[in-house]
Trainee: 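Below you will find the structure I want to go over with you.
Side chains are part of it too, since the values below use all heavy atoms of this structure and drop only hydrogens, waters and symmetry mates. Counting convention: from 1, in listed order, for ligands and their atoms alike.
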Amino acid sequence: MKALLITHDNQLQAEIAAQGAARMPPVTLVAVRSRLRDALERVLPENPALVIVDASGLAGDEAELLLRLAKLYPGATFMLLTRDQQQDLLIRAMRAGVREVLQLPLVHSAFHDAINRIADAANAGKLCDGKVLAFISCKGGSGATFLSTNFAYALASLADKKVILIDLHGQFGDATLYVSDQKPAMTLSDVCGQIARIDGAFLDSCLVHVTPGFGILAAADDPAQAVELKPEQMDVILRVARQHYDYVVLDVGRQIDAISLRALDNADAIYPVLQLALPDLRDGRRLLDIFRSLGYAIENTRLIVNRYEKGGRLRLQDVQASLGAEVMHTVPNDYVNVTDSVNQGVPVLQLSRASPVARSLSELVELVTARRVPEAKGLLTRLFGRAEAEQ
Ligand SMILES: Nc1ncnc2c1ncn2[C@@H]1O[C@H](COP(=O)(O)OP(=O)(O)OP(=O)(O)O)[C@@H](O)[C@H]1O
Ligand SMILES: [Mg+2]
């Protein structure tokens, strides 16, 4: 954080410089001015994030200068250091938008607390409000892992979104292998094991980065470790993931357990993946019954029919009628392209962009992102009849 310090007290300057430098990331004094008037006359070329004003000995009329300085650096947070109760000055300072007032002599812990508050406020503006989208296969092998990994890749590369995929397969998690040849250094259970450390940077460092905008948190591949995962840890991981990614895609697998349930509880939308076959329909119905009994809103459950071929005995209407949920999308059966992609561990969109399955994934990206129309655009689209519910 770049800071401008206004003080004529050399000792205070050294103290703040040392305390600031010891922080991670540091608070760097880019300039020091001895008086407010001096700061107004010698304007910095770049806006500082923080302006620290030593107000001890500040005359009453100088408070107006504070207001002018605040206008000069509108993006900066102001911190005032006062030696005695300067009531009148404090009121004027607050009018000038000073956010933090600290007593002198400087109490270091109070200084760091104030910097933490300022950093948190700055970060809060930058945090994402990511959506959690859960893919779950109605029956083993329906294609949830292929679709979730390739959809997440498409979302990052076509819609330019920041995407994280979390592989929740309790055992035999293999999501990374579908789109990457890198071996994961860290897994979901490693993150849970160090949950106290978690923040955006730590989470990102645990991912297999497929592209700069898309990373995968691999499943716990050691079943003994998987036992240690706790549902509360899932809440924390998803909260942090939402703050740092536009989309959090979950490959839930097939098993319903305490961890996957907690993940589903957190999901904004659930995409059960099934194929047009009776066993899939049967298992799909069971799954949706569970969702209903858990009180999940049916409109947030959107079916994806995978390996779809027109003209079969079972039709999409049958699926909707039998499961009581909307079929949001169909993905064509595209054996050659999908098998090539899965065998090579290269996203199908990268390997064969014009293939039917790649085109279908692009459409899915459009469908999902179109549902997140910002308010202003929402009105226009509503007027033209294309409005869709916010996810
Ligand atoms: N649209 C498709 N066209 C052709 N083949 C497909 C398609 N989707 C998936 N497959 C094939 O189906 C296989 C199983 O898919 P996948 O591993 O994604 O299923 P899953 O639902 O994750 O299974 P599990 O329940 O074991 O986790 C893949 O290896 C892939 O070859
Ligand atoms: Mg799978």
Trainee: Would you check if the distance from the ring center of Tyr73 to the ring center of Phe78 is below 6.0 Å?
Mentor: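 No, they do not, as the ring centres are separated by 6.0 Å or more.
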
Trainee: Find out whether the Lys NZ or Arg CZ of Lys162 is both under 6.0 angstrom from the six-membered ring centre of Tyr245 and within 45° of the ring's axis.
Mentor: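 Judged by the rule (NZ or CZ under 6.0 Å from the ring centre, within 45° of its axis), Lys162 counts as positioned above Tyr245.
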
Trainee: Side chains of Ser142 and Asn306: is there a donor and an acceptor less than 3.5 Å apart?
Mentor: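 Ser142 vs Asn306: no donor-acceptor pair found between side chains.
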
Trainee: Enter the distance from Asp113:CG to Glu100:CD here, rounded to the nearest 0.5 Å.
Mentor: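 One gets 9.0 Å once the value is rounded to the nearest 0.5 Å.
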
Trainee: Are Thr7 and Asp9 linked by a side-chain donor-acceptor pair shorter than 3.5 Å?
Mentor: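 The answer is no; no qualifying pair exists.
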
Trainee: Sorted by chain and residue number, which protein N/O/S atoms are under 2.8 Å from the Mg ion (ligand 2)?
Mentor: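 As for protein N, O or S atoms lying under 2.8 Å from the Mg ion (ligand 2), they are Thr145 OG1, His169 NE2.
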
Trainee: Less than 3.5 Å apart, any donor N or O on the side chain of Asn337 or Asp334 sitting next to an acceptor on the other?
Mentor: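 There is such a pair (donor and acceptor under 3.5 Å, judged by atom type) between the side chains of Asn337 and Asp334.
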
Trainee: The criterion is side-chain contact (heavy atoms from CB on, under 4.5 Å); which residues satisfy it with Ala55, sequence neighbours excluded?
Mentor: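 So Ala55 forms a side-chain contact (heavy atoms from CB on, under 4.5 Å) with Leu58, Leu80, Thr82, Gln86, Leu89.
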
Trainee: Minimum heavy-atom separation for Ala267 and Ile270, please, with both atom names.
Mentor: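 Minimum heavy-atom separation between Ala267 and Ile270: CB-CG1, 4.1 Å.
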
Trainee: Considering only heavy atoms, which protein residues lie less than 4.0 Å from any atom of ligand 1?
Mentor: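 Residues near ligand 1: Ser137, Gly140, Gly141, Ser142, Gly143, Ala144, Thr145, Phe146, His169, Tyr178, Arg254, Asn306, Arg307, Val331, Pro332, Asn333, Asp334, Tyr335, Val338.
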
Trainee: Mind checking salt bridge (charged side-chain N to carboxylate O under 4.0 Å, His left out) for Arg262 and listing every partner two or more places apart, or none if nothing turns up?
Mentor: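 Counting only residues at least two positions away or on another chain, Arg262 forms a salt bridge (charged side-chain N to carboxylate O under 4.0 Å, His left out) with Asp235.
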
